[in-house]
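Okay, so here's the structure we're looking at.
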Amino acid sequence: QVQLVESGGGLVQAGGSLRLSCAASGRTYNMNGMGWIRQAPGKERAVVAGIMWNTGRTYYADSVKGRFTITKDNAKNTVYLEMNSLKPEDTAVYYCAADTQKVYAPYTYDQWGQGTQVTVSS
């Protein structure tokens, strides 16, 4: 079992930036892929970015390419999501999730954090 704790959400104006953090604890030796998944009201969960823990290979949804960057710190067992040029349509609850071989598929993750709200005002 892996425990995931997100932080860094909040309210920001359009064009602004936020950085989300996800600290993992527990059985962190077998996290496989990790990702950031968001869910807006009335919409399905969607992966915005994912990263394979061992290789560092990344995935980005088309809607965030060039604006969001996912990174990891192996020593701290922490994954980050740097979000720049934020738009109102980025408003959602952002979840950190782990343990998947398919970082692009939101419902393949086995471990989930509690989520953090990101609100982008126009």
Side-chain angles (χ1 to χ4, degrees):
Q1 197 82 350
V2 175
Q3 292 77 45
L4 304 171
V5 179
E6 303 103 331
S7 61
L11 173 65
V12 65
Q13 287 188 330
S17 299
L18 282 175
R19 188 174 85 153
L20 305 183
S21 299
C22 174
S25 60
R27 300 178 66 177
T28 57
Y29 59 84
N30 193 27
M31 288 192 291
N32 293 313
M34 293 187 70
W36 288 96
I37 297 93
R38 69 186 181 188
Q39 187 168 24
K43 293 190 175 182
E44 293 286 324
R45 290 188 178 185
V47 177
V48 294
I51 188 166
M52 294 304 295
W53 195 255
N54 290 332
T55 66
R57 185 172 181 178
T58 57
Y59 162 84
Y60 294 97
D62 288 342
S63 59
V64 306
K65 282 181 181 177
R67 300 190 298 122
F68 291 11
T69 303
I70 186 169
T71 57
K72 62 182 178 70
D73 184 329
N74 289 38
K76 296 182 179 180
N77 288 327
T78 299
V79 172
Y80 304 96
L81 185 68
E82 187 74 35
M83 304 186 293
N84 298 315
S85 302
L86 282 161
K87 304 175 181 180
E89 51 263 44
D90 293 318
T91 296
V93 177
Y94 283 71
Y95 297 90
C96 173
D99 197 7
T100 182
Q101 295 292 342
K102 300 178 180 179
V103 293
Y104 53 86
Y107 294 99
T108 64
Y109 289 81
D110 284 338
Q111 311 294 335
W112 290 78
Q114 80 284 358
T116 185
Q117 177 70 45
V118 171
T119 303
V120 184
S121 63
S122 57

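The chain is numbered in sequence order, starting from 1.
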Quiz item: Which is it for D90 and M83 under the side-chain contact (heavy atoms from CB on, under 4.5 Å) test, yes or no, and what are the steps along the way?
Solution: CA-CA 10 Å; D90 293 318; M83 304 186 293; over 6 Å; no
Exercise. Can you sort out the partners of T71 under side chain to side chain contact (heavy atoms under 4.5 Å, CB included), two or more places apart, ordered by chain and number?
Key: T69, Y80
Quiz prompt | Which atom of L4 lies closest to which atom of A98, heavy atoms considered | solution = CD1-N, 3.8 Å
Quiz item: Any idea which heavy atoms bring V79 and W36 closest together, and the distance?
Solution: CG1-NE1, 3.6 Å
Quiz prompt | Test item: T119 side-chain N/O and T91 main-chain N/O as donor-acceptor pair under 3.5 Å | solution = no
Exercise. Report yes or no: do I37 and L81 belong to one cluster of Ile/Leu/Val/Met/Phe/Trp/Tyr joined by side chain heavy-atom distances under 4.5 Å?
Key: no
Self-check item: Distance (rounded to the nearest 0.5 Å) between T78 OG1 and M34 CE
Solution: 8.0 Å
Quiz item: Atom CD of Q3 and atom CD of Q111: how far apart are they, to the nearest 0.5 Å?
Solution: 7.5 Å
Quiz item: Going only through I, L, V, M, F, W and Y residues with side-chain contacts under 4.5 Å, is there a path from V47 to W112?
Solution: yes
Quiz item: salt bridge (charged side-chain N to carboxylate O under 4.0 Å, His left out): which pairs involve residues 53-62, sequence neighbours left out?
Solution: D62-K65
Practice problem: Given side-chain contact (heavy atoms from CB on, under 4.5 Å), test V2 with D99 step by step and report yes or no. | Solution: CA-CA 9 Å; V2 175; D99 197 7; over 6 Å; no
Quiz item: Quick one: side chain to side chain contact (heavy atoms under 4.5 Å, CB included) partners of T100, sequence neighbours excluded?
Solution: K102, V103, T108, Y109
Quiz prompt | Pairs touching residues 57-122 that satisfy disulfide (SG to SG under 2.5 Å), sequence neighbours left out | solution = C22-C96
Exercise. With sequence neighbours excluded, tell me which residues meet side chain to side chain contact (heavy atoms under 4.5 Å, CB included) with V93.
Key: Y95, Q117
Self-check item: Pairs satisfying disulfide (SG to SG under 2.5 Å), at least one member in residues 36-73, at least two apart
Solution: none
Quiz item: Does any pair with a residue in residues 70-87 pass salt bridge (charged side-chain N to carboxylate O under 4.0 Å, His left out), and if so which ones, sequence neighbours excluded?
Solution: none
Exercise. List for me each residue that meets side chain to side chain donor-acceptor pair (under 3.5 Å) alongside Y107, sequence neighbours excluded, and say none if there are none.
Key: E44
Practice problem: Going by the side-chain contact (heavy atoms from CB on, under 4.5 Å) test, name the single residue among V120, L86, N84, L11 that passes it with L18. | Solution: L86
Self-check item: Single-linkage hydrophobic cluster, 4.5 Å side-chain cutoff, V64 and Y104 together
Solution: no
Quiz item: For A92 and R38, which heavy atoms make the closest approach, and how far apart are they?
Solution: CB-CB, 3.8 Å
Practice problem: Determine the minimum heavy-atom distance between Y94 and L20, stating which atoms define it. | Solution: CB-CD1, 3.7 Å
Quiz item: Which residues satisfy the side chain to side chain donor-acceptor pair (under 3.5 Å) test with Q1, sequence neighbours excluded?
Solution: none
Practice problem: Could you pull out the closest heavy-atom pair between P88 and A14, with the gap in Å? | Solution: CD-CB, 4.1 Å
Exercise. Sequence neighbours left out, what passes side chain to side chain donor-acceptor pair (under 3.5 Å) with S21? Give chain and number order.
Key: none
Practice problem: Could I get the full list of side chain to side chain contact (heavy atoms under 4.5 Å, CB included) partners for T58, not counting sequence neighbours? | Solution: I51, Y60, I70
Quiz item: Side chain of E6, backbone of Q114: donor and acceptor closer than 3.5 Å?
Solution: yes
Practice problem: Return the set of residues passing side chain to side chain donor-acceptor pair (under 3.5 Å) with R19 (not counting sequence neighbours), or none when no residue passes. | Solution: none
